[in-house]
Amino acid sequence: MNIKSKCIYFLFLSLLVLSYNLCTNNSQIPNDEFFKYQISFFNDGSKVTVPRVSYKKSPIELNPVEGIHLNILPAWEITTGSADTIVAVMDDGFFYSHEDIKQNLWKNAGETGLDSDGNLKETNGLDDDQNGYVDDVMGYDFYFNDPDPDCYIFEGKLDSVIAPYWHSIPALGIIGARGNNEIGVAGINWEVSMMLLKMMAQGSVSIKDPCSRVPKAAEAIRYAVDNSARVINWSGFVSCLDQEKLKPLQDAIDYAEEKGVLIVTGAGNNKENIDLEENYTFPSCFQNENLLVVAEIDFDGYLYEVERDSKYVGGSNFGVQNVDIAALSQNFTTGLRHNHSVYRLSGGTSNSAPVVSGVAALIFSIRPDLDGLEVKEILMRSATRLQGLQGKVKSGGMVNAFDALKLAQSYPQNQ
Ligand SMILES: [Ca+2]
Ligand SMILES: [Ca+2]
Ligand SMILES: [Ca+2]
Ligand SMILES: [Ca+2]
């Protein structure tokens, strides 16, 4: 883009924001540096150029169809989230010192402060809140069975030789990068409490027995439920099809369902119909009412497909029985590069699921009396129906933050 077209582009963006302000008297445009690139959250159907990453010139032109966005600006008129809402994030490990994430992390109140000997509860080697886990102040590392849900996927960290793992970083930013703090991006929730549950659902390490992850995932879900999470985002799966070995996971999801905890998962990226038994993936294909399975759409409103000239093959999974709703996955959000906080364009159903988790958390921030099944119903009913999703996902629609919050406001009170 030359200087002139850059100027026109930024002038256009300023006008877009200004005209939106004038039309709605809106004061909720966040001041975050890269909000202008977050067109998955809000756009007016104009072509925009977005960098793929924040640290070098790598523009990509995105051409959204009008109306294909999260519709977040009017939603932020109603709420920008609350630190009282706990969202558990299950993933492979966390770069929790990211500059735009660290402010919105859950702190276990029972493991903070001083114990009776004057030692810090978070490092005293004791299970101060007697929840079964020692020093679990920000969540837990179920993979290595320690309280630090770090982003290293090999035991002993080996910081100097092993790059930290990045998979969870966009999910955290989409759900809850701190908004309106002048740095980075705005999460769907400007404030929220994200609980970090490391369980290595997927990743670059080959595992001899994929079912070995099942008990860790089950334990993570039970931890989230027992420690007051309202939503669990699991942008992953277990590559296990053995029903007997899957039983602990099924039991844990049943337990979450009993307690009204919503579990949001990505549909997967194999461009397959996961209603067919040969394509089943878990947990997405369990039949629990508290599971919300998310497909990925492109800016044209159709299921995402990898470009035909790409060397990769793939696209969003679908299935009118097992996939519930869709969301844009190409979000400009938090990233990680050599232990540094960066920002980048995300993709894949791992990054459409947290969009739905983020909106669920917004709903809980104004309606903490609802349970996860009711919030799922609100998300399904308020989804924007799209022609490209008919016969592909159960709701036939993509998540719409403003419509979801409007419906949540009028949803009957629980007695
Ligand atoms: Ca504890
Ligand atoms: Ca402790
Ligand atoms: Ca650890
Ligand atoms: Ca920010």
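Please read all numbers here as calculations on a predicted model, not as lab measurements. Counting starts at 1 for both ligands and their atoms, in listed order.
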Atom nearest to the Ca ion (ligand 3) - Asp148, N, O or S atoms considered: O

Asn351 (side chain) donor-acceptor with Ser346 (main chain) under 3.5 angstrom: no

Donor-acceptor pair, side chain of Asn331 and main chain of Thr333, under 3.5 angstrom: no

Salt-bridge criterion met for Arg222 and Asp226 (N-O under 4.0 Å): no

Cationic tip of Arg337 above Tyr55 ring, under 6.0 Å, 45° of axis: yes

N/O/S from Gln130 sitting under 3.0 Å away from the Ca ion (ligand 1): no

Within the 6.0 Å centroid threshold, strictly below: Phe42 and Phe402: no

Under 3.0 Å from the Ca ion (ligand 2) - protein N/O/S, by chain and number: Glu111 OE1, Lys121 O, Asn124 OD1, Leu126 O, Asp128 OD2, Asp135 OD1

The Ca ion (ligand 1) reached by Asn108 (N, O or S, under 3.0 Å): no

4.5 Å side-chain heavy-atom contact, Leu249 and Ile221: yes

Distance flag, aromatic centroids of Tyr223 and Tyr133, threshold under 6.0 Å: yes

Apex the Ca ion (ligand 3); atoms Asp150 OD1 and Asp141 OD2; angle rounded to 10 degrees: 100°

Three-point angle Asn131:OD1, the Ca ion (ligand 1), Tyr133:O, rounded to the nearest 10°: 90°

Proximity of Tyr140 and Phe142 rings by center, below 6.0 Å: yes

